[in-house]
Amino acid sequence: MNILKLLTKLIISFALFGTALYFGYNKYKEYFANPWTRDGQVRAQVIQVSPRVSGMVTKIDIIDNQFVKKGDLLFEIDKEPFLIQIAQTKAELKREQANLRGTQIEYERVKKIAKRDKGAISQKDMVRHEVNYYKSLANIDSLKEKLNNAKLNLTFTDIHASVDGYVSNINFQVGSQAVANKAILALVDSNSFWVFGYFRENMIGDVKIGDKAKVILMAYDNKPLSGRVESIGWGIAPSDGNPGVNLLPSIKPTFQWIRLAQRVPVRVELDTLPDGVQLRFGLTASVIILHDNNTTLQKKKETK
């Protein structure tokens, strides 16, 4: 009976040891047979929201880090100066249209006189009346374009979100002066997140576009993300050789017995996120390329 109990314990112990060994071997195979890095980062497209006209901010419809939908109103710029510009341009246009009527009547009159008696009007006077008439026509066209531009600028006083995303870095308030084409806040595109894995250069040869990847975020270390290699960087900035004193190359000293591998960015396109995972620009990530899952994909590439 004691022998039976002992055998049972031994069998259970060996089973547990074998299971642990199996999972340990798979982990070893995963992390040492596939390229991986702990130097990764979540990235996204960040839109620098810049007003297209200058003016005082009169209303802010958002708060910092708020989610907005495409087309939502972000803030407003004082409309009064643009309404005044429209009114002034309309008045100028009306005045020029009246002037056109006068120059047209005078031009038609001298043409009739010249037709009846060619010597009654000098060529110089004829040309002057003609120039005044066509100049008025040109002024009216110019004022119409000026009016259209003033109306367009009025629409630019309402600044809307261009994409779905999260507003960030709102450091202005009502009464602040917004400057045309100068960024006033950031908008993180919520549909553009990806992950950059910075792999050592001696690993890049084992990474192919289309390879499956697994991403572990430090913020959600128990919820791995899946994805595919979308692209591999073709260049990194040099660490030396930039102009220094007297425009001579600035070369940093190196230790000959240490050769540090450069890091090359690999862009990973993410699949559908697990429930509860919210991506944020700059989150730390670990990335591993899963070669074992790419056999079918590689065969398809080779047959093309």
Side-chain angles (χ1 to χ4, degrees), residues 23-49 62-68 161 163-171 183 185-240 252 255 258-294:
F23 284 107
Y25 172 75
N26 283 338
K27 284 294 181 183
Y28 171 85
K29 183 180 178 181
E30 181 177 297
Y31 285 98
F32 290 93
N34 297 302
W36 67 281
T37 180
R38 292 192 301 174
D39 186 8
Q41 192 178 65
V42 176
R43 303 294 292 273
Q45 297 292 349
V46 180
I47 299 169
Q48 296 185 358
V49 179
I62 51 174
I63 60 174
D64 211 7
N65 301 313
Q66 176 183 335
F67 177 78
V68 295
V163 295
D164 297 345
Y166 301 91
V167 292
S168 181
N169 197 31
I170 300 178
N171 55 3
L185 62 87
L187 178 60
V188 181
D189 187 348
S190 59
N191 297 313
S192 68
F193 282 103
W194 75 88
V195 170
F196 262 143
Y198 300 97
F199 287 82
R200 294 195 305 272
E201 58 185 300
N202 54 355
M203 291 183 176
I204 291 301
D206 295 327
V207 179
K208 302 292 186 297
I209 294 177
D211 283 351
K212 286 188 177 181
K214 184 167 72 172
V215 178
I216 305 294
L217 300 179
M218 185 179 291
Y220 303 97
D221 55 359
N222 60 340
K223 294 182 178 181
L225 314 181
S226 61
R228 288 186 179 277
V229 175
E230 184 178 5
S231 64
I232 304 171
W234 282 103
I236 52 178
S239 58
D240 52 32
K252 296 181 180 179
F255 298 98
I258 299 176
R259 296 184 65 191
L260 298 178
Q262 295 284 1
R263 297 279 178 164
V264 178
V266 174
R267 178 166 172 155
V268 175
E269 179 186 11
L270 297 173
D271 297 332
T272 303
L273 299 178
D275 293 336
V277 174
Q278 291 183 320
L279 298 180
R280 300 175 189 272
F281 189 104
L283 291 182
T284 303
S286 298
V287 184
I288 182 170
I289 307 301
L290 304 175
H291 285 311
D292 294 340
N293 296 326
N294 295 306

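The number of heavy atoms from other shown groups lying within 6.0 Å of CD (Gln48) does not exceed 12.
Looking at Leu279 and Leu225, their side chains come closer than 4.5 Å, going by heavy atoms from C-beta outward. In this structure the side chain of Phe199 reaches within 4.5 angstrom of the side chain of Val287, judged on heavy atoms. When side chains are defined from C-beta on, Gln278 counts as touching Tyr220, because their heavy atoms get closer than 4.5 Å.
For the pair Glu201 (side chain) and Gln262 (backbone), a donor-acceptor distance under 3.5 Å is present. With hydrogens and angles ignored, the 3.5 Å screen pairs no side-chain donor or acceptor of Lys223 with any backbone N or O of Leu273. A donor-acceptor pair under 3.5 Å is formed between the side chain of Ser192 and the backbone N or O of Gln45. Checking side-chain atoms of Asn169 against main-chain N and O of Leu185 turns up no donor-acceptor pair under 3.5 Å. Between the Arg267 side chain and the Glu230 main chain, no donor and acceptor come within less than 3.5 Å of each other.
Atom CE of Met218 sits about 7.0 Å away from atom OG of Ser286, to the nearest 0.5 Å. Between atom CD of residue Gln41 and atom OG1 of residue Thr284 there is a gap of 7.0 Å, rounded to the nearest 0.5 Å. Atom CZ of Arg228 and atom CG of Leu290 lie 10.5 Å apart (nearest 0.5 Å). Here the CZ atom belonging to Arg43 is positioned 11.5 Å from the CZ atom belonging to Phe193, to the nearest 0.5 angstrom. One distance of note links CG of Leu187 with CG of Asp189; it measures 7.0 Å at 0.5 Å rounding. The line from CG of Asn65 to CZ of Arg280 is 8.0 Å long, rounded to the nearest 0.5 Å.
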Test side-chain contact (heavy atoms from CB on, under 4.5 Å) on Arg263 and Ile236 and set out the steps. CA-CA 8 Å; Arg263 297 279 178 164; Ile236 52 178; over 6 Å; no

Before you tell me yes or no, could you show the steps for Asp206 and Ile289 under side-chain contact (heavy atoms from CB on, under 4.5 Å), namely the whole-Å CA-CA distance, both residues' side-chain angles and the distance that decides it to 0.1 Å? CA-CA 9 Å; Asp206 295 327; Ile289 307 301; over 6 Å; no

I would like to know whether Ile204 and Val266 meet side-chain contact (heavy atoms from CB on, under 4.5 Å); could you show each step before the answer? CA-CA 9 Å; Ile204 291 301; Val266 174; 3.9 Å; yes

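A pairwise comparison of heavy atoms in Val195 and Ala285 identifies CG1-CB, 4.2 Å as the closest pair. Between Asp271 and Gly227, the shortest heavy-atom contact is OD2-N, 3.6 Å. Of all non-hydrogen atoms in Pro224 and Ile216, the two that sit nearest each other are CB-CD1, 3.3 Å.
The salt bridge (charged side-chain N to carboxylate O under 4.0 Å, His left out) search around Glu269 returns none, not counting sequence neighbours. Scored by the side-chain contact (heavy atoms from CB on, under 4.5 Å) test, Asn202 finds Arg200 as partners (sequence neighbours excluded).
A side-chain contact (heavy atoms from CB on, under 4.5 Å) with Val167 is found for one member of Ile62, Ile63, Val188 and no other, namely Ile62.
Using cut-offs of 30° and 60° on the angle between ring planes, the pair Phe196 and Trp194 is perpendicular.
A donor-acceptor contact closer than 3.5 angstrom is absent between the side chains of Asp164 and Ser190.
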